[in-house]
Number of protein chains: 2
Amino acid sequence: MSRQREVILSVLRSQRFHPTADEILLRARQRMPALALGTVYRNLKALCDEKLVRRIPMEDAPDRYDGFVEPHDHLVCTSCGKVYDIPSLQTKEALEAKLEAPVEGYELKVYFTCPKCKNQ
Amino acid sequence: MSRQREVILSVLRSQRFHPTADEILLRARQRMPALALGTVYRNLKALCDEKLVRRIPMEDAPDRYDGFVEPHDHLVCTSCGKVYDIPSLQTKEALEAKLEAPVEGYELKVYFTCPKCKNQ
DNA sequence: CATAAATTAGGAACGATTATCACTTTCATT
DNA sequence: AATGAAAGTGATAATCGTTCCTAATTTATG
């Protein structure tokens, strides 16, 4: 694990948030100013493969990344795009029982308007 | 509704499939050879706004479109990318009850390997 | 140390989608 | 039919998140 990868992972674990690659770059550069965006993407992909990080694919915006990988789903504000955690609303097992077929995973996103956006 | 939009909608309603914008263009051009890809995208967006068509955002591939808009979810093959319909596994109402907040919608995709891909 | 293997920074390239724009088409009103 | 305004079109350029490329650097290993 390179120094760059360590910094990227520690940014993602520093708080419960769901930053984009750009936001990760900004924060990581505070500790490693020469870090390149390509390196961030490369390491995010590697970290996802190792299951240390979860990617949250966004429909009309840059993907977000989550440093907390216990199963949970996401609540997405349709106005500001911010992502919140919610407890798992599905399980692989329940899906397999319902579909009577092996399931590799699922992606559930619930859309709402966050309180901040609701008050303008 | 322009002739172009009619053709695009009828392609989407001609069978239960989930084509990309490119695939829609190919089929629509059989009836309207000069049709432009930009026009396909423009009309798909309009049809989605009118709730006549549903967009299926794909994580690592071009988005797909669905001409059947009754609530249902999707099963996605991680190998070939083909999309299958499944009955709704969630309802807006159930989500709102669980989350105790108004919900605008949800997007659930279940990943599996389709039988064809499983046999190589 | 030496050298092979892996990783990097930086920038170019890619690909799906959107924007732009000059030119039709549509259609309600004469 | 002629008009004019509004909406839609085809072609192409632009956008932008992400991936790829490459020479240079770092890391691992004997």
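- With respect to the salt-bridge test (charged N to carboxylate O, under 4.0 angstrom), the residues B:Glu70 and B:Arg16 qualify.
- Here the NZ-CD distance, from A:Lys109 to A:Glu59, works out to 5.5 Å after rounding to the nearest 0.5 Å.
- Distance A:Met1 CE to C:dT7 C1': 13 Å, rounded to the nearest Å.
- For B:Asp22, the side-chain contact (heavy atoms from CB on, under 4.5 Å) criterion is met by B:Thr20, B:Leu37, not counting sequence neighbours.
- Here the P atom of nucleotide C:dG10 and the CD atom of A:Gln4 are 11 Å apart, to the nearest Å.
- Judged by distance alone, the side chains of B:Tyr41 and B:Asp63 never bring a donor and an acceptor atom under 3.5 Å apart.
- The CD atom of B:Glu6 sits 16 Å away from the P atom of C:dT25 (whole-angstrom rounding).
- Between A:Thr39 and C:dA9 there is a side-chain polar atom (N or O) within less than 4.0 angstrom of OP1 or OP2.
- Nucleotides of DNA chain D that come within less than 4.0 Å of any heavy atom of chain B span, from the 5' end to the 3' end, D:dG8 to D:dA11.
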Expected rows: protein N/O vs nucleotides 13-20 of chain C N/O, under 3.5 Å:
from   : atom 1 : to      : atom 2 : distance (Å)
C:dT17 : OP1    : B:Asp63 : N      : 3.1
C:dT17 : OP1    : B:Asp63 : OD2    : 3.3
C:dT17 : OP2    : B:Tyr41 : OH     : 2.3
C:dT17 : O5'    : B:Tyr41 : OH     : 3.4

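- To the nearest 0.5 angstrom, A:Arg55 atom CZ is 13.0 Å from A:Asp66 atom CG.
- With no hydrogens or angles considered, a side-chain donor-acceptor pair links B:Ser10 and B:Arg31 at under 3.5 Å.
- Neither OP1 nor OP2 of C:dT25 sits under 4.0 Å from any side-chain N or O of B:Ser2.
- A donor-acceptor pair is defined here as one N or O able to donate and one able to accept, closer than 3.5 Å; no such pair exists between the side chain of A:His72 and the backbone of A:Asp85.
- Taking NE2 from A:His18 and CG from A:Leu12, the interatomic distance works out to 10.0 Å, rounded to the nearest 0.5 Å.
- In terms of phosphate contacts, A:Asn43 brings a side-chain nitrogen or oxygen within less than 4.0 Å of OP1 or OP2 of C:dT8.
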